[in-house]
Amino acid sequence: MSLKRKIALNLSIAFSLLFGIVMAVIYISFNDFRRDEFKERFRQRLEFTSHFIAKSKDFEEEAPVFFNENSDNILLNETILIFNAKKELIYSTIKDRNVTWDNALLKELDSKKVIYSEKSVPEIYAALRTINGENYYILTSAFDTNGTSKLEYLKYLLITACVMSTFLIGFFSYYFIGQFLRPLEDLNQEISEVTAHKLTTQIPVRNSNDEINVLARSFNTMITRLDDVFQSQKDFTASASHEIRTPITRMAFQLENLIKFGQHTPETLSSLQQIQRDVYQLSDLTNSLLLLTKFDKENIRSIYEEVRIDEVIFESFEAIEKSYPHLKMDFLISENTSEDALLTIKGIQSLLDIVFINLFKNAAVYSDNMEVDVLITETDEHLIVDVISHGETISPEEQPKLFEAFKRGINSQNISGSGLGLRIVKRILEYHGAGIIYTSPGNMLNKFSVVFNK
């Protein structure tokens with residue numbers, strides 16, 4: 001999840017929780033206000049009834065007319081029960097059905113004098129009053145229709161407001177945070193375009209001292225330092241490879257003439273041939289290093305070309321035959337490969353030549369019979385080249401370090417080598433988006449599988 005979405009999500013959650021708490025407080029406060037208001041109306045109604053009883057000359061005759069004319073229209077299903085000191089019902093506003101009441105409530109009034117119950121349905125307000133020297137138990141019950149409807153409306157209004165506010169704050173926070181982080185995204189885009197061949201490119205810095213511009217200045221400083229280091233490294237590698245290549249070429253030419261036209265003993269000839277192989281190996285190594293200094297993963301794709309992998313294999317084998325004339329190659333195309341397969345990949349032929357020259361060289365050096373089998377398999381997704389040779393295999397403990405620089409196995413003892421060949425192979429294949437795998441499918445059998453993505 002991006003930083004922009006994280007901030008917007010956290011901000012929305014925090015606001016939703018805060019707004020929800022506020023809404024809950026408002027709802028609870030309004031409910032308390034409704035209850036107090038309704039209780040006050042009950043109290044006023046009871047006081048009004050008590051005043052009527054005190055002023056009435058004939059209570060039972062005047063009560064029907066009085067309560068009919070002075071009913072509280074706001075209270076729904078209002079009922080009034082009046083009991084004398086003996087807890088006998090002397091008047092009820094209920095005329096069309098049997099009257100029931102709670103005797104325990106009347107007994108409780110003897111001690112509490114006033115009782116209000118909001119949990120009952122309908123709500124009840126009862127009181128014990130002494131009027132003209134006589135005790136009266138007055139029970140009033142009703143539904144707070146008006147207050148309850150307002151409370152329900154407020155609940156739905158608050159829920160709707162909370163949900164809409166959450167969505168709105170999420171949208172606006174995402175939008176405004178996106179605007180605030182836009183310079184950071186631009187900086188990220190500009191940084192992602194910096195490659196090993198564009199280290200001189202400076203990130204634009206605005207006339208501001210905010211954190212993003214401070215970061216851009218620091219990045220420009222780091223880029224300048226890295227460019228100095230990389231340039232020094234590349235200059236050294238290129239210069240060293242170039243200066244070394246000339247005398248090596250001269251040595252190889254002189255050795256070749258010396259071997260062809262000189263009169264030598266068998267021991268001397270064997271030594272000269274070994275020196276010649278070492279010179280060719282050193283020449284290949286310097287050529288590889290010189291080529292690798294010209295490319296990197298970012299710019300190499302811009303100079304890709306169509307390369308036939310079979311042509312690369314034959315050219316590489318011809319090059320290795322100069323150093324190992326006794327090496328034989330058996331070239332095969334798998335039966336799983338269709339007849340119209342093109343055997344082409346996108347890449348740089350000079351670098352791919354280095355890959356198979358090193359693999360063929362390993363086959364020549366480490367095989368028992370100076371033979372190498374090459375099997376090409378092309379599918380819809382991959383083009384696989386298997387280079388197979390017979391010889392002592394690499395132990396499972398050594399296989400994970402096979403493609404590391406200067407790592408050589410036990411089977412390489414008493415065999416000259418730099419330990420850089422397979423490392424260079426792996427690096428070139430990484431540049432081409434390909435991979436290489438070593439397996440030992442049988443006893444005394446080594447197989448390197450080069451896998452290209454179509």
Side-chain angles (χ1 to χ4, degrees), residues 1-48 71-80 102 105 108 112 114-127 139-192 206 208-216:
M1 184 181 293
S2 64
L3 179 62
K4 178 169 61 176
R5 292 182 179 179
K6 286 182 179 179
I7 296 176
L9 179 61
N10 291 332
L11 186 61
S12 300
I13 293 175
F15 175 82
S16 300
L17 292 176
L18 180 61
F19 195 71
I21 293 173
V22 172
M23 297 297 101
V25 170
I26 292 175
Y27 181 82
I28 294 172
S29 300
F30 185 82
N31 186 48
D32 292 340
F33 172 76
R34 179 207 65 81
R35 181 188 60 225
D36 294 340
E37 185 183 42
F38 194 56
K39 182 178 179 181
E40 178 62 21
R41 186 176 296 278
F42 265 137
R43 190 193 64 79
Q44 292 177 359
R45 189 66 172 164
L46 191 140
E47 293 298 333
F48 186 68
S71 62
D72 194 339
N73 295 324
I74 296 179
L75 302 179
L76 182 64
N77 294 335
E78 180 192 25
T79 60
I80 299 176
D102 187 1
L105 180 63
E108 192 176 356
K112 294 185 177 180
V114 176
I115 297 175
Y116 174 67
S117 175
E118 63 173 325
K119 296 182 180 180
S120 60
V121 181
E123 298 180 29
I124 297 174
Y125 188 89
L139 275 62
T140 306
S141 64
F143 293 100
D144 186 12
T145 307
N146 191 31
T148 303
S149 62
K150 290 180 180 179
L151 188 65
E152 287 294 318
Y153 176 76
L154 178 64
K155 180 177 70 176
Y156 292 119
L157 184 64
L158 293 178
I159 293 175
T160 303
C162 185
V163 173
M164 292 184 62
S165 299
T166 300
F167 281 110
L168 289 175
I169 195 64
F171 172 77
F172 284 111
S173 61
Y174 184 82
Y175 173 77
F176 287 116
I177 291 172
Q179 296 298 317
F180 291 147
L181 296 181
R182 179 65 59 81
L184 188 60
E185 293 179 354
D186 295 339
L187 178 63
N188 179 55
Q189 179 65 29
E190 293 164 353
I191 291 175
S192 64
R206 301 175 179 83
S208 174
N209 290 323
D210 58 18
E211 288 78 1
I212 295 178
N213 286 289
V214 171
L215 179 62

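Any value given below was found using the heavy atoms of this structure, including those in side chains, with hydrogens, waters and symmetry copies removed. In this text the structure is predicted, and so the values were computed from the model without any measurement.
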Checklist entry - Can you tell me how far the CZ atom of R41 sits from the CG atom of D36, to the nearest 0.5 Å? => result 13.5 Å
Item to check | Distance, nearest 0.5 Å, that separates CZ of F38 from OH of Y116 | outcome: 6.0 Å
Next on the checklist: Looking at K155 and E152, is any side-chain nitrogen of the basic one under 4.0 Å from a carboxylate oxygen of the acidic one?
Outcome noted: yes
Item to check | Distance-minimising heavy-atom pair for S12 and G170 | outcome: OG-CA, 3.0 Å
Next on the checklist: Return the CG to OG distance between L154 and S149, rounded to the nearest 0.5 Å.
Outcome noted: 11.0 Å
Checklist entry - With no hydrogens and no angle check, is any side-chain donor or acceptor of N31 less than 3.5 Å from a backbone partner on Y27? => result no
Item to check | Over all atoms of both residues, closest heavy-atom pair of F15 and I169 | outcome: CD2-CG2, 3.5 Å
Checklist entry - Rounded to the nearest 0.5 Å, how far does CG of L151 lie from CZ of F33? => result 12.0 Å
Item to check | Rounded distance [0.5 Å steps], CD1 in I26 versus CG in L158 | outcome: 6.0 Å
Checklist entry - Which distance, rounded to the nearest 0.5 Å, do you find between the CD of E40 and the OH of Y125? => result 8.0 Å
